[in-house]
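Working notes, beginning with the structure itself.
So that the names make sense, note that chain A is the first sequence line, chain B the second, and so on, each numbered from 1.
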Amino acid sequence: MGEFIQFTLNGLMAGAIYALIAVGIVSVFKATKVVNFAHGYIIMFGAYFYFTFSVIVPGAEWAPSWLQSWEPAWMVAMRADLPMFSPMGAVLDWLSNLPRILFGLAGAVICNALLGLAIERALMRPLIGQSTFAMIMITVGLISVLSGTKGLIWTADAEFVPHIAPNTPIRFTVFDTPVFLFGADLVNVAIALILFGAIVVMVRYTRGGVAIRATAEDQSTAYSMGISVPRVFSRAWVLAATTGAIAGAILATRNGVSPSLGLFGFSVLAIVLMGGLDSYVGVFIAALAVGFLEAMAQWQFGGEFAEVVPYIAVLIVILIRPHGLFGQKEVERI
Amino acid sequence: MNQTRRTFLATGAAATAALGMPAILRAQPSEYVIGASLPLTGPFATAGQLVAPVFTMARQLINDEGGIAGTPIRFVTEDSGYIPQNALANYQRALATEGDALVAYFGDSTGFMKLVAPELTGDQARLMGSTSFASELANPATNPYQYLAGPTYQDQFDILLQNIKDQGGSSVAFIFSNTEFGRDPIEHGKMRAEELGIEVVLEETTKAQGADIPTHVTKLAQSGAEYAILQGYVTGVWPQLIGGARQFGLPTQFMGTFWGMEKLIADRVTEEAGPFLDGYQGVMPYRYFYDREDAPRYQTFAAMASEMFAGTPLENYMSTWALQTMCALDIAIKALRDTAEAGQELTADNLSAALSGISDWDTGGFFGGPVTMENNKIGTGRVYQYSAESRLFTPTSDWFTV
């Protein structure tokens, strides 16, 4: 039972991060009806921007030393008495890294926002009024462009980045089984849930959100009601890219920065289809379900099954409900 | 029959052609060519780019030593992107353009070595070393022209498990990537562990990149393994796994095999994430480059590198990956020279026979002592331990030969 709880918690934590990734796909789809196949690669760019601004730039010769490692005298004194890998040591490590963590997050969000804006202005806006299918194919092509560009800018090595929160180990016993959690993972989940909730609230209650929903319903009518549809498109892409930057940074802290981060987008695309392309609540439930199933498969059958079992569940759901758990059924009127 | 001038010339030309044909077909080229595919781009570009300069050094060194019985050598290196099909195309192109002058080839992966193996017949066969230590390749019956410049991954597991036994260990976890590279020694390792009375308490498969570190670490924690052997990684996953385990306070002793034993990676991890690789152990077939006192070959490399690569990181340190390539090239050159000095043609069959005949060979310090090529591999290695303070891997065992 203790092990079940352990892997349930692992799965739900992974699921929350999937939900944060999925929110970008849903936001773009809601506003533009475009399924963004390249979202995983936008996340990968977010991860590499975080790596650039939290590791490469602070490590440069010209960067101030406090950016790389902030170590006031009191911190040095405290650290001197601590054993290696102690919980307090983890907190002090985090404090010492805080300047570069904040710099990295700010850099990742700003650069990814600019990337999202550039994609929308250069590739999507010229196609407004054209077939949505053409826009979707652009996102497929974008995968190769982003993947190749990444290779030109950064190496293929798996790199370390600093955790966003103190990575203090948390241990407790349930039904005589020790349960282990990483402190940073709990904070990552909290960040993912807060961002997810904020976006849902924004779409539901703010003027910008209403504009997104109106545009999603009918672009021509939205235009005629005075909504700037191009601006809605831009907002949606910037929203997807910035949440993608945070998701990329979190993934990078958990698993290291590597080109494989781009592939997460495909896994999450399946989750989005399972939940319903235009339903935030649906993808949230689907993300947690897939995270849970992955963890259970990992626990019971090992890593190779963990990559297969959840997606069989996704297929079954889509076969029974082609529009996903909470997706709106399209009504075609002739 | 009257012998006219015309018939005389025709007969003479035919006779000359008949007598001279073998010499023309097997004419000694002005220089021999050794081809190579390297992953200069793609997931292992870092390794490929560290290995590439070795070929410049090797050409100068081998030619200064007299080439192959007086004939100089030249290398033809191309990028494969770590895609076996690209490497195969590179090999076929080298065969087409260089012909008989191409006497050996260096491959970049297990995938390529397995892909090319069925093609190595007749005129298409060449002596072939590579970056791979795949156990399947160490079989002269099925892969007569391919060799390993060290022990197989199975041998490396044997060395590590023996070391665990010698240290009094009783439980081990195998954590490996879901690749051919990762799975290679696992079944063999389980059998060997059972023979040694070591319990395998966890077999954990991970992604080769971007693995879910917290989940794998929790499984390791719950297994209670005293030792964990990591297999099938190069620059990623293994440091993150060890980092996660250390942050949890797990006492597990981590061990790796050749591709997880590079000082440059360990140093970089220590620089970026702290000293948690301190105490990490693993098997290495070769001496590290800084261990040059009893290695005259390394001293030669060092003298050349300080001149050829002045101002670059290669000036003072050759990576283990570069040493593996250099060792593979030295083995090929040894087989080529032995064959040429015996007055035989440098055909793949003759070179394969010379390869099998390498016995008690002093490599100049790559290994702990003279080595013998058995089953197209050199089954030697020893266990090293990393110190985050000194930033060095230092030996913790004698040399094992398996």
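Minimum heavy-atom separation, A/Q298 to B/T205: NE2-O, 3.8 Å. Closest approach of A/F7 and B/Q222 over heavy atoms only: CE1-OE1, 3.5 Å. In this structure, A/D185 and B/P214 approach most closely via the heavy-atom pair OD2-CG, 3.2 Å.
Counting heavy-atom pairs closer than 4.5 Å to chain A, the top-ranked of the candidates B/T218, B/V269, B/T41 is B/T218. Contact count versus chain B (heavy atoms, under 4.5 Å) is highest, among A/V179, A/I170, A/N167, for A/N167. Between chain A and the options B/E203, B/E271, B/H216, heavy-atom pairs under 4.5 Å are most frequent for B/H216.
By the 6.0 Å contact criterion, CD on B/Q253 is enclosed, its count of non-hydrogen atoms from other residues, nucleotides or ligands being greater than 12. In the displayed structure, B/Y317 atom OH is contacted under 6.0 Å by more than 12 heavy atoms of other residues, nucleotides or ligands. Annotation: A/F301, atom CZ; neighbour count of heavy atoms from other residues, nucleotides and ligands within 6.0 Å does not exceed 12. Within 6.0 Å of the CD atom in A/E71, the count of heavy atoms belonging to other residues, nucleotides or ligands exceeds 12.
Applying the salt bridge (charged side-chain N to carboxylate O under 4.0 Å, His left out) test to B/E199 and every residue at least two apart in sequence or in another chain returns nothing.
Using a 4.5 Å cut-off between heavy atoms, B/T215 contacts chain A through both its backbone and its side chain. Only the backbone of A/L181 comes within less than 4.5 Å of a heavy atom of chain B; no side-chain atom from C-beta onward does. Heavy atoms closer than 4.5 Å to chain A are found nowhere in B/V234, neither backbone nor side chain.
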- Item | Trace of the side-chain contact (heavy atoms from CB on, under 4.5 Å) decision for A/R254 with B/I213 | CA-CA 6 Å; A/R254 278 172 62 92; B/I213 301 298; 6.0 Å; no
- Item | Test log, rule side-chain contact (heavy atoms from CB on, under 4.5 Å), inputs B/V217 and A/F182 | CA-CA 10 Å; B/V217 171; A/F182 282 109; 4.2 Å; yes
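B/K207 NZ to A/L263 CG: the interatomic distance, rounded to the nearest 0.5 Å, is 8.0 Å.
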